[in-house]
Engineer: 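The following block contains the structure, expressed as structure tokens.
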Amino acid sequence: MMRIAIVGAGIVGLAAAHALLDKGHEVTLVDPGNNQQRPTEGNAGWIAHMDVMPLASPKAWRHLPRWMMDPLGPLTIRPSYLPALAPWLVRFVLASSPARIKSSIAAIRSLNAQALPSWKERLSSLGLEGHLRERGILSVWRDRDHFLQAQDIIARQRDFGIPLDVLGPRELADLEPALHNIEAAVLYTEGCHVSDPALLAADLLRLAVERGAARIEGKALSVQPSSDAVHVHTDGAVKDVAADRVLLSAGVWSRALARQLGDTIPLDTERGYNATYAKGVFGLNRPVMFEGEGFVASPLDTGDRVGGAVEFAGTQAPPNHERTSAMITRLKRFLPHLDAEQPARRWMGFRPSIPDSLPVIGPSSRDGRVIYAFGHGHHGLTQAAITSRLVRELVEGAPASLDLKPFSAQRF
């Protein structure tokens, strides 16, 4: 048995806590609590294991000029943040070469192919199967030319054995009668989502504590290896947490701690926005990706949520909910009955984004007793359970069940 300190109690850290508790380790979660900006608190709730494309892909580049022309569109960079973001952007461009895209697709698929089975195993082991909604996920296009341009991605998904059905207008109307102005659609029959990501995380935290995990409230200020332990220093009531192994899984806030450990990670935040309406208002039966529009819709147990958009502005700038309003306006093209509805909640959170769309999973440069698991971008919920298995293998020195080289912190 080892003492394991986990820095960060988002969905990745919580999944890892349970994987380590399974093996009898002593787990301590170090987290400031009440962090409403982390993705776990407000994402779309998808287990999107059918995704294979990195953000730096032809799909993104096709839409980028149109998106960047609109300051409230699907992707924007605040001018004041551009100098700080420049190194990330350079790496994003480099990650867009055909060879890099090919390697990123292979790495994403290696994780996502095991994402749903890993989640089913985890939820079943904890009696949390009721959080999973297996209704499929729908991708829709309002421009048929854009759908035709997506055929290479669809073909690649088929090559990977991902089940999908191309729908005609009548089939789509039968599935989702509330949708309007759609020219093409694809149903991913094995796509699924959860009841609500925050509810799932709350249950995972509760059960981790019931299983013996300790919870230390406080922000981790440093992670310092010594000869006999690795010390996590915090600003909370408990100033020093000594552990045999430390897992750093604090999302975008991991960057500064990793730098202390000798690793300069090009980690930034894609600030995502969403609005949640009363449950059932959208009239949708399953989650929908509005291709080329930069947002998705999810019928969660706690309400119907539209979310997406990418804004680069760092962690300190205040939210710009004009972006949320613009997204709602675009959604009304497809769900015109929303003209009479108002959202109950607007939210902005920080997706931890790395230019090649691959998370960092592996040991730190300075000390192998410190393990990284952060930077999952849009796939934090999707990849949390499989990441937790890889973390457990790293902690115990067991052979890795996947090739971890593409996710190494030292790849940059």
Side-chain angles (χ1 to χ4, degrees), residues 1-31 103 107 110-111 114 118 208 213-214 216 219-234 238-267 352 354 356 358-376 380 383-412:
M1 181 186 78
M2 286 186 279
R3 300 169 299 166
I4 316 293
I6 299 177
V7 178
I11 198 69
V12 174
L14 291 170
H18 283 285
L20 295 165
L21 288 167
D22 288 345
K23 295 296 186 177
H25 297 296
E26 181 183 306
V27 173
T28 299
L29 290 157
V30 180
D31 187 83
S103 63
S110 72
L111 284 176
Q114 299 189 43
S118 298
I216 302 297
K219 179 182 178 182
L221 302 176
S222 67
V223 177
Q224 296 182 348
S226 68
S227 59
D228 61 337
V230 181
H231 297 268
V232 179
H233 299 292
T234 86
V238 178
K239 301 296 184 185
D240 181 18
V241 180
D244 301 307
R245 300 287 187 274
V246 169
L247 173 64
L248 182 53
S249 58
V252 70
W253 299 278
S254 302
R255 180 175 58 184
L257 295 172
R259 186 180 296 118
Q260 296 173 10
L261 293 158
D263 293 301
T264 301
I265 310 295
L267 177 65
I354 292 176
D356 59 9
L358 304 181
V360 171
I361 305 172
S364 73
S365 293
R366 185 162 298 167
D367 196 303
R369 293 173 296 174
V370 181
I371 294 163
Y372 298 148
F374 59 77
H376 292 74
Q383 297 171 350
I386 178 58
T387 297
S388 73
R389 189 176 84 200
L390 299 171
V391 164
R392 184 183 66 207
E393 293 165 352
L394 286 163
V395 165
E396 297 188 328
S401 53
L402 293 179
D403 179 10
L404 294 182
K405 185 177 179 180
F407 312 109
S408 168
Q410 291 77 50
R411 71 185 189 265
F412 303 107

Engineer: For residues 7-15, run the donor-acceptor check on the side chains, cut-off 3.5 Å, and write out each pair with its distance to 0.1 Å, sequence neighbours left out.
Structural biologist:
none

Engineer: What are the two closest non-hydrogen atoms of Pro225 and Val223, and how far apart are they?
Structural biologist: CD-O, 3.7 Å

Engineer: Treating Gln114 as the side-chain partner and Leu402 as the backbone partner, does any N or O pair qualify as donor plus acceptor under 3.5 Å?
Structural biologist: no

Engineer: Is there any side chain to side chain donor-acceptor pair (under 3.5 Å) pair reaching into residues 399-412, and which pairs are they, with sequence neighbours excluded?
Structural biologist: Asp263-Gln410, Asp356-Arg411, Ser365-Gln410, Arg389-Ser401, Glu393-Ser401, Ser408-Gln410

Engineer: Considering all heavy atoms of both residues, which atom of Ala373 and which atom of Leu247 are nearest to each other, and what is their separation?
Structural biologist: CB-CD1, 3.8 Å

Engineer: Is it true that a side-chain atom of Ser364 and a backbone atom of Gly368 form a donor plus acceptor pair closer than 3.5 Å?
Structural biologist: no

Engineer: Should Phe412 and Thr264 be marked as a side chain to side chain contact (heavy atoms under 4.5 Å, CB included) after you check the CA-CA gap, both sets of side-chain angles, and the distance that decides it?
Structural biologist: CA-CA 8 Å; Phe412 303 107; Thr264 301; over 6 Å; no

Engineer: List in chain and number order the residues that pass side chain to side chain contact (heavy atoms under 4.5 Å, CB included) with Pro359, two or more places apart in sequence or in another chain; answer none if no residue qualifies.
Structural biologist: Leu111, Ile361, His376, Gln383, Phe407

Engineer: Heavy-atom distance under 4.5 Å between the side chains of Leu20 and Val395, does that happen here?
Structural biologist: yes

Engineer: Is the shortest heavy-atom distance from the side chain of Pro363 to the side chain of Val370 under 4.5 Å?
Structural biologist: no

Engineer: What closest approach, in Å, do Phe374 and Ser249 show between heavy atoms, and which atom pair accounts for it?
Structural biologist: CB-CA, 4.4 Å

Engineer: Who are the side chain to side chain donor-acceptor pair (under 3.5 Å) partners of His233, not counting sequence neighbours?
Structural biologist: Gln224

Engineer: Holding to side chain to side chain contact (heavy atoms under 4.5 Å, CB included), I want the full list of residues that pass it with Thr28, two or more places apart in sequence or in another chain.
Structural biologist: Val30, Ala214, Ile216, Val241

Engineer: Going by heavy atoms in the side chains, are Val232 and Val246 under 4.5 Å from each other?
Structural biologist: yes

Engineer: Please step through side chain to side chain donor-acceptor pair (under 3.5 Å) for the pair His18 and Ser388, ending with a clear verdict.
Structural biologist: CA-CA 8 Å; His18 283 285; Ser388 73; over 6 Å; no

Engineer: Considering all heavy atoms of both residues, which atom of Ala242 and which atom of Arg3 are nearest to each other, and what is their separation?
Structural biologist: O-NH1, 3.7 Å

Engineer: Are any side-chain N or O atoms of His25 and backbone N or O atoms of Ile4, one a donor and one an acceptor, separated by less than 3.5 Å?
Structural biologist: no

Engineer: Please name the pair of heavy atoms, one in Gly24 and one in Met1, separated by the smallest distance, quoted to 0.1 Å.
Structural biologist: O-CG, 2.9 Å

Engineer: State the CG-CG distance between Asp240 and Leu221, to the nearest 0.5 angstrom.
Structural biologist: 11.0 Å

Engineer: So which of Leu257, Leu394, Leu248 actually passes side chain to side chain contact (heavy atoms under 4.5 Å, CB included) with Tyr372?
Structural biologist: Leu248

Engineer: Heavy atoms only: give me the nearest Leu267-Gly251 pair and the separation to one decimal.
Structural biologist: CD2-O, 3.5 Å

Engineer: Quick test of your reading: applying salt bridge (charged side-chain N to carboxylate O under 4.0 Å, His left out), list the pairs with at least one residue in residues 358-371, sequence neighbours left out, ordered by first then second residue.
Structural biologist: Asp367-Arg369

Engineer: Apply side chain to side chain contact (heavy atoms under 4.5 Å, CB included) to Met2 and Glu26, showing your working.
Structural biologist: CA-CA 6 Å; Met2 286 186 279; Glu26 181 183 306; over 6 Å; no

